[in-house]
Each structure stands twice: as structure tokens, then as C-alpha cells.
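Structure first, commentary second.
Keep in mind that what you see is a predicted model, and the values were worked out from it rather than measured. Throughout, a chain's letter reflects where its sequence line sits, starting with A, and its residues are numbered from 1.
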Amino acid sequence: MKYEYLLDWYDSNKRTLPWRNTKDPYMIWLSEIMLQQTQVSVVIPYYNKWIKTFPTIEKVAKADLDNLLKLWEGLGYYSRCRNFHKASQYVVTNYKGIIPRDYDLFIALPGVGEYIASAVMSIAYDQSYPAIDGNLKRVISRYLGLRKITKRNLFRIKKKLNTMIQINPGDINQALMDIGSSICKSTIAKCSICPLNITCKAASSLDATQYPEKKKKKSIPTKHFISGYISYDNYILITKRPSTGLLAGLWELPMVEYRNDSKLIDVLNDYTTKSLGCGVNIINKIGVVKHAYSHYKICITLFKCEPKNINVKNSQWIHLNEIDDFTFSKANHKLFNSIGIIND
DNA sequence: TATGCGTGGAG
DNA sequence: TCTCCAAGCAT
């Protein structure tokens, strides 16, 4: 077979990863969800913790979303977790807990796109679908000498891959992913040790990393927030974010965006009075926390406050001991650290 | 097709 | 510190 050398390379060079010890489609699916835009080394502990807690898809379907989000805390892109929960419930309800072998049925599930559908169908079920992630796009672009990722070139990449995955598609897909992550990286191409180097167009060029062209990144804006550490006795006030959008369903210290022309002191009292019902007296400034999301940065100024009254709406008083029971974003953990509350 | 969606590692 | 990058999907 023409591409058997890729399988040979994979056998002796593949990384040992927790989700490679199994053909269980649930585990492979979970790993693919977690690995979206996320480094392998970051995913491994989250994956192990999740599988230990939820060894089957039925357990996921039965779980409360808040408990799932707590396990996901810190991994980012939390809609992956919400979609996986929904999809698990759909599979348990409609497919008796058996993950569909049919590509069209599987890709119809929330959070499953072309890549994940192809990866699971090929790795777990040995079906010939090219799992075209960022690695394969880059590796095959270079192999074919393609400068740009256009629709037409993507078609060429898919066509080429279809000739490569006729036998053992799961291992071929993963071999190419491993080549992409260890040899044919975005900024470094170690062509001398690449099993594809004989026939690779980019390998015989001056600089393989010129393929394909990188998109220019747009600079991202900074938004300014004011936040309140509002407490009495050992209780603090937290709010739950909306169920859609950024950090959906996570908890946070009350915070509100302000404009440059607004009076900082008034903003927090207005917000807590109108939206939370308590209103605050500001005691002192605790500090400033900066954090970056993928599409904008935030700068949060945190004030220690006392509530004018403790009857609140759209928010909840929790004891300091209970903080670990709720899911907070990274920015909020930075706020906690600035206060001196150290938690995981 | 472009943008929203998080976080931590690496240079 | 700053910037780019890392197994994408939804809209």
C-alpha cells in the first residue's frame, strides 16, 4: 500500500496519550472536543479528571451542567462543555446511548463539526473520513505546495487525503496530526526527519514554513470594568452570567463596564442599586486586574465595598468556604488572588 | 466569509 | 510584557 510508511512511522513515533488507549467513541469524542484550540499538555489532566468522574456518556447526560462546568473550569471555550452535555443527552435519549456510526447523524449533534465528525468516525469506527484540523491543513498544504487556504485548495487537500486514508484511516489521520504537531509545525519545519520529505513540495523549497501564508492578526481593543468585592461577615456577593455569550453560566464578582467619561465611584453604586438591589458604599480600592480573551482585553478595577442592604436580586450571597463550589473564569480567580483569597 | 468564543505555553 | 499559537464550531 502506497502510504504504509506513514503507518510504520506512526507505530514507532506516536505519542502515548490517554485517549489513544481506547476505541471507545465517547472517550475519543471527548478528547477531540477538549483539544479544540487547546494544547495537548493542557488537556491531559482535564481529560483524566473527566473520565474518572464520568466514565460513560450516560453519566454525562445525567449530570448537572454546573457540575460539568466545574470540571471544565480553566479550560476555556465553555460552550464546548454545554454542547457536549446537550449532545450526550440527545444520544442517550434518541440512540440508547450509542454514538452514531453514521457521519450525518453524528455531525448533526451540537458542537460536532466536520473535523470532529471525521476524527471520531475514522478513529473509533475505522471509516474513511479525512480529519482535517489545523495540522492536516498545514501539512498537506506544504506537501502539495499550496500557498493559500482557499476553498479550491481545501478541496485539493481533501482529495489528496482521500487517497491516503483507504486503509486504517484513523491511524493515518493521527499520524498526520502527530507530524503536524512535532515536525511540521507552524513556525518550524524539521523536514530532514519528516517521513513525507521525499515528495513534499515545501520540503524542497527554500523555506517550508512559508506554506501556507499566515493571516494577519487584528489588534484587539481593551474594555474597562469596575468590580466590587461586596462582603459582610464572611459572605460575599456573586452573580451568574447569562446562559449565552462570553463565559456563559459562570459566576463572577459583580462588575460593570464603564466609559472613560464616567465617574468611577458612581458606576458601581448605580449598577448594584439598579441591577442587584443592594447598592454599596466603597471602602477602598483593592487593585487592578488585567486579562486577555481571544477577541478583547479587559482591565478590571476592584473595590472593597459594604452593601447598603443585604436584600439582593439577580445575585447570591455565598460563604467564603463555598467559593470552590462555583465555577469562575480566570479573570475572577485573578480578582480573588488580588483580595488574598487563594483557591484552586 | 468573518467574527465570537478562553486559556496557557512558547519564543 | 507582548504576540502568536494550539486536534474548531456556531452563527
Side-chain angles (χ1 to χ4, degrees), chain A residues 14-15 17-20 27-47 69 72-84 86-87 106-124 129-140 148-152 154 161 170-182 184-188 209 212 214-223 241-250 252 290-299 327-334:
Chain A
K14 68 179 170 190
R15 293 170 291 178
L17 302 168
W19 46 88
R20 283 185 173 169
M27 297 187 183
I28 292 163
W29 179 15
L30 173 67
S31 74
E32 296 298 346
I33 300 280
M34 286 186 165
L35 284 161
Q36 283 179 50
Q37 307 293 288
T38 310
Q39 294 182 356
V40 169
S41 61
V42 175
V43 166
I44 289 174
Y46 281 90
Y47 173 86
L69 284 171
W72 206 274
E73 184 178 42
L75 196 55
Y77 286 151
Y78 299 91
S79 67
R80 295 182 292 177
C81 182
R82 295 197 307 277
N83 283 332
F84 191 59
K86 278 187 214 161
F106 187 57
I107 201 175
L109 297 169
V112 179
E114 268 188 57
Y115 164 72
I116 288 184
S118 302
V120 174
M121 292 301 108
S122 65
I123 298 170
Y129 290 97
I132 307 177
D133 68 335
N135 285 311
L136 268 68
K137 267 183 204 165
R138 183 176 62 255
V139 170
I140 306 301
K148 292 181 179 174
I149 303 289
T150 60
K151 198 170 180 180
R152 177 180 297 177
L154 269 178
L161 281 166
D171 280 0
I172 293 285
N173 278 330
Q174 292 183 92
L176 292 169
M177 283 180 222
D178 276 18
I179 289 171
S181 64
S182 64
C184 193
K185 298 199 275 191
S186 179
T187 52
I188 303 169
T209 64
K214 279 121 182 145
K215 286 176 192 168
K216 298 159 200 162
K217 298 278 178 181
K218 287 181 182 173
S219 62
I220 61 177
T222 299
K223 297 185 181 185
R241 295 180 61 88
S243 56
T244 59
L246 183 75
L247 304 168
L250 272 63
E252 64 187 8
K290 295 183 178 186
H291 187 69
Y293 299 117
S294 50
H295 49 307
Y296 61 87
K297 299 175 187 175
I298 58 173
C299 178
T327 307
F328 296 93
S329 73
K330 181 64 183 175
N332 257 260
H333 283 291
K334 287 182 182 175

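Scanning for salt bridge (Lys or Arg N to Asp or Glu O under 4.0 Å) contacts around A:Asp171 gives an empty result, with sequence neighbours left out. Residues meeting the ring-ring contact (aromatic ring centres under 6.0 Å, His included) test with A:Phe106, sequence neighbours left out: A:Trp29. With sequence neighbours excluded, the residues satisfying side-chain contact (heavy atoms from CB on, under 4.5 Å) with A:Thr222 are A:His224, A:Lys297, A:Cys299.
Using a 4.0 Å heavy-atom distance criterion, A:Ile116 is classed as a sugar-phosphate-only contact. At the heavy-atom level, A:Val112 lies under 4.0 Å from the strands shown only through sugar-phosphate atoms. Within the 4.0 angstrom heavy-atom criterion, base atoms lie near A:Trp19. Among the protein residues, A:Ile132 comes within range of no part of the nucleic acid, since none of its heavy atoms lies under 4.0 Å from any strand. If you check every strand for non-hydrogen atoms under 4.0 Å, A:Ser329 touches sugar and phosphate atoms only. Contact annotation for A:Glu114: backbone-only contact, meaning every heavy-atom pair under 4.0 Å involves sugar-phosphate atoms and none involves a base. Across all strands shown, A:Ala119 has no heavy atoms under 4.0 Å from either base or sugar-phosphate atoms. Within the 4.0 angstrom heavy-atom criterion, only backbone atoms of the sugar-phosphate kind lie near A:Leu247; the bases stay farther away.
Open room surrounds NZ on A:Lys217; 12 or fewer heavy atoms of other groups in view lie less than 6.0 Å from it.
Where A:Arg20 and A:Gly111 each meet DNA chain C at their nearest nucleotide, the meeting point lying more 5' is that of A:Arg20. Across the interface with DNA chain B, nearest-nucleotide mapping of A:Ile188 and A:Thr150 shows A:Thr150 to be the residue nearer the 5′ end. Heavy-atom nearest nucleotides on DNA chain B were determined for A:Arg82 and for A:Val42, and the one closer to the 5' end corresponds to A:Arg82.
With hydrogens and angles ignored, the 3.5 Å screen pairs a side-chain donor or acceptor of A:Thr38 with a backbone N or O of A:Gln36.
A distance of about 15 Å separates the P atoms of B:dG11 and C:dA7, rounded to the whole Å. With P as the reference atom, C:dC4 and B:dT3 are 16 Å apart, rounded to whole Å. The separation of B:dG8 from C:dC9, taken at their P atoms, amounts to 22 Å, rounded to a whole angstrom.
Remark: the A:Ser181 side chain and the A:Arg15 side chain contain an N/O donor-acceptor pair separated by less than 3.5 Å.
Between the CZ atom of A:Phe84 and the C1' atom of C:dA10 there is a distance of 18 Å, rounded to whole Å. What separates CG of A:Leu109 from P of C:dC9 is a distance of 12 Å, to the nearest Å. Across the protein-nucleic acid pair, A:Lys86 atom NZ and C:dA10 atom C1' stand 10 Å apart, rounded to whole Å.
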*Please assess A:Tyr129 against A:Leu161 for the test side-chain contact (heavy atoms from CB on, under 4.5 Å), listing each intermediate value before the final yes or no.*
CA-CA 9 Å; A:Tyr129 290 97; A:Leu161 281 166; over 6 Å; no

*Step by step, would you call A:Tyr115 with A:Glu32 a side-chain contact (heavy atoms from CB on, under 4.5 Å)?*
CA-CA 9 Å; A:Tyr115 164 72; A:Glu32 296 298 346; 2.6 Å; yes

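Atom CZ of A:Arg138 is separated from atom OG1 of A:Thr209 by 11.0 Å, given to the nearest 0.5 angstrom.
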Between the protein and nucleotides 1-6 of chain C, which nitrogen or oxygen pairs come in under 3.5 angstrom?
unit_1	atom_1	unit_2	atom_2	d
C:dA6	N3	A:Gln37	O	3.2

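Put simply, chain A comes within 4.0 Å of DNA chain B, heavy atom to any atom, from B:dT3 to B:dG9, going 5' to 3'.
Note on residues 107-120 of chain A: pairs passing salt bridge (charged side-chain N to carboxylate O under 4.0 Å, His left out), not counting sequence neighbours, are A:Glu114-A:Lys158.
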